[in-house]
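Right, one structure below, let's go through it.
Values below: all heavy atoms of this structure, side chains included; hydrogens, waters and symmetry mates excluded.
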Amino acid sequence: MFAVVHLLLVEDDARVRSALTRALAEHGHAVVSAAAGMPGLTLALEERPDLVVLDLGLPDLDGCEVLRMLRAVSAVPVIVATARDAEPEIVRALDAGADDYVVKPFSAAQLDARIRAVLRRGRDTGAEPAPVRVGGLRIEPAGREVFLDGTRLELTPKEFDLLHYLALRPGQVVSKRELLTEVWRMAYGGADKTVDVHLSWLRRKLGENAHRPRYLQTVHGVGVKIVDPEE
């Protein structure tokens with residue numbers, strides 16, 4: 001017996017939304033839906049779906065902007081489902097963090113197959129990744145958990161991604177531009193302030209600050225690195 005896949009459908013066309021919701025439910029999925037970008041983001045955080053199906057032509061926000069905002073807080077797989085078939089649009093969506101891109105019109109069976117393929121790719125990652133240790137920090141990639149001196153830290157998805165990326169490169173200075181590209185998937189730029197804010201939140205949870213750093217050290221004008229405070 002297969003586990004039910006919980007989907008979030010963000011689609012502004014009421015007829016398309018209703019038809020897809022019904023068809024995907026017939027394929028055995030549990031579906032919640034939103035008609036605009038901001039309600040979709042709220043549902044993504046509240047419902048924690050297994051996968052998001054996202055239209056680009058939304059009434060309040062461009063779908064790629066919704067995708068970037070979602071990627072800042074979640075690693076949930078996203079399939080863009082849109083009428084936009086121009087190559088630059090496809091590239092823009094994939095660069096913003098989409099896992100797949102399907103052009104309307106498409107059948108529910110095709111979308112269901114793509115959903116299963118994306119989720120299968122997420123499972124078929126080989127051996128379970130090993131824990132990463134830096135000083136008293138232990139990062140468990142498989143469970144997306146972080147422990148400091150044995151105490152579990154409550155991190156947001158993006159805080160975890162940022163800490164994990166740095167911890168895989170101990171002692172190496174990483175630029176904010178690299179972090180925006182690799183962690184936030186903003187290949188064509190983004191605000192350095194985004195990195196600064198998340199570093200500030202991380203430092204607070206690690207019991208340090210920019211003036212008295214332990215693990216996260218800023219190299220002014222270059223970037224940031226993670227170090228073992230005991231070395």
Side-chain angles (χ1 to χ4, degrees), residues 2-84 89-90 92-123 143-145 154-162 180 183-186 190-191 194 197-198 201:
F2 295 100
V4 174
V5 175
H6 293 266
L7 303 177
L8 167 60
L9 171 63
V10 185
E11 165 64 60
D12 69 315
D13 187 306
R15 288 180 297 179
V16 173
R17 189 170 64 252
S18 177
L20 276 179
T21 298
R22 184 171 56 254
L24 290 170
E26 289 173 355
H27 279 85
H29 305 307
V31 185
V32 295
S33 65
M38 288 307 297
L41 286 168
T42 299
L43 281 175
L45 295 176
E46 292 177 349
E47 299 291 332
R48 296 186 178 276
D50 299 311
L51 184 142
V52 177
V53 179
L54 174 67
D55 186 20
L56 294 184
L58 300 173
D60 55 346
L61 292 170
D62 179 77
C64 278
E65 183 61 27
V66 174
L67 182 51
R68 291 189 184 94
M69 294 170 71
L70 179 60
R71 278 288 169 260
V73 294
S74 174
V76 62
V78 176
I79 296 177
V80 167
T82 180
R84 300 178 187 176
E89 288 286 352
I90 298 173
R92 189 165 72 101
L94 294 173
D95 280 344
D99 295 275
D100 198 358
Y101 194 106
V102 57
V103 177
K104 298 175 182 176
F106 52 81
S107 67
Q110 180 188 355
L111 181 58
D112 175 60
R114 288 175 179 266
I115 289 168
R116 288 185 282 109
V118 167
L119 293 176
R120 190 164 57 246
R121 289 201 301 267
R123 291 193 297 267
R144 293 182 64 82
E145 294 181 307
E154 293 293 336
L155 303 185
T156 66
K158 195 53 63 178
E159 289 169 353
F160 177 89
D161 292 342
L162 174 58
L180 286 168
V183 178
W184 274 266
R185 302 188 187 183
M186 295 181 180
T194 299
V197 169
H198 280 79
W201 292 341

> How far does CG of Leu56 sit from CD of Glu11, to the nearest 0.5 angstrom?
Replying inline: 10.0 Å
> To the nearest 0.5 Å, what is the distance between CG (Leu119) and CG (Leu51)?
Replying inline: 5.0 Å
>> For the CZ atom of Arg114 and the CG atom of Asp100, what is their distance to the nearest 0.5 Å?
In response: 4.5 Å
>> Nearest 0.5 angstrom please: Ser33 OG to Leu7 CG, how far?
In response: 11.0 Å
>> Salt bridge check, Arg71 against Asp99: does any charged N sit closer than 4.0 Å to a carboxylate O?
In response: yes
> What is the minimum heavy-atom distance between Ala23 and Ala108, and which atoms define it?
Replying inline: CB-CB, 3.4 Å
> Which heavy-atom pair separates Phe106 from Val103 by the least distance, and what is that distance?
Replying inline: CD2-O, 3.6 Å
> So, for Leu41 and Val66, which heavy atoms are closest and what is the spacing to 0.1 Å?
Replying inline: CD2-O, 3.7 Å
>> If I compare all heavy atoms of Cys64 with all of Ala93, which pair ends up nearest, and what's the gap?
In response: SG-CA, 3.7 Å
>> Could you report the tightest heavy-atom contact between Pro77 and Val118, atom names first, then the distance?
In response: CB-CG1, 3.6 Å
> Under the side chain to side chain contact (heavy atoms under 4.5 Å, CB included) criterion, do Val80 and Glu89 qualify, and how do the steps go?
Replying inline: CA-CA 11 Å; Val80 167; Glu89 288 286 352; over 6 Å; no
> Which value, rounded to the nearest 0.5 Å, describes the distance between Tyr101 atom OH and Ile79 atom CD1?
Replying inline: 13.0 Å
>> If the condition is salt bridge (charged side-chain N to carboxylate O under 4.0 Å, His left out), which residues does Arg144 pass it with, not counting sequence neighbours?
In response: Asp161
>> Pair Leu8, Val53 - check side chain to side chain contact (heavy atoms under 4.5 Å, CB included), show working.
In response: CA-CA 6 Å; Leu8 167 60; Val53 179; over 6 Å; no
>> Tell me if a side-chain donor or acceptor on Thr21 pairs with a main-chain N or O of Arg17 at a distance below 3.5 Å.
In response: yes
> Passes side chain to side chain contact (heavy atoms under 4.5 Å, CB included), His198 versus Lys158? Steps please.
Replying inline: CA-CA 8 Å; His198 280 79; Lys158 195 53 63 178; 3.9 Å; yes
> What distance separates Asp13 CG from Leu58 CG, expressed to the nearest 0.5 Å?
Replying inline: 11.5 Å
>> Working note: Leu70 + Leu54, criterion side chain to side chain contact (heavy atoms under 4.5 Å, CB included); need CA distance, chi angles, decisive distance, verdict.
In response: CA-CA 11 Å; Leu70 179 60; Leu54 174 67; over 6 Å; no
> Given side chains that start at C-beta, do those of Leu9 and Val32 come closer than 4.5 Å, heavy atoms only?
Replying inline: no
>> I'd like to check the side-chain contact (heavy atoms from CB on, under 4.5 Å) partners of Leu45; sequence neighbours left out, ordered by chain and number.
In response: Val73
> Does Asp112 pair with Arg116 as a salt bridge, N-O distance under 4.0 Å?
Replying inline: yes
>> Enumerate the salt bridge (Lys or Arg N to Asp or Glu O under 4.0 Å) contacts for residues 37-62, please, sequence neighbours excluded, ordered by first and then second residue.
In response: Asp55-Lys104, Asp62-Arg84, Asp62-Arg92
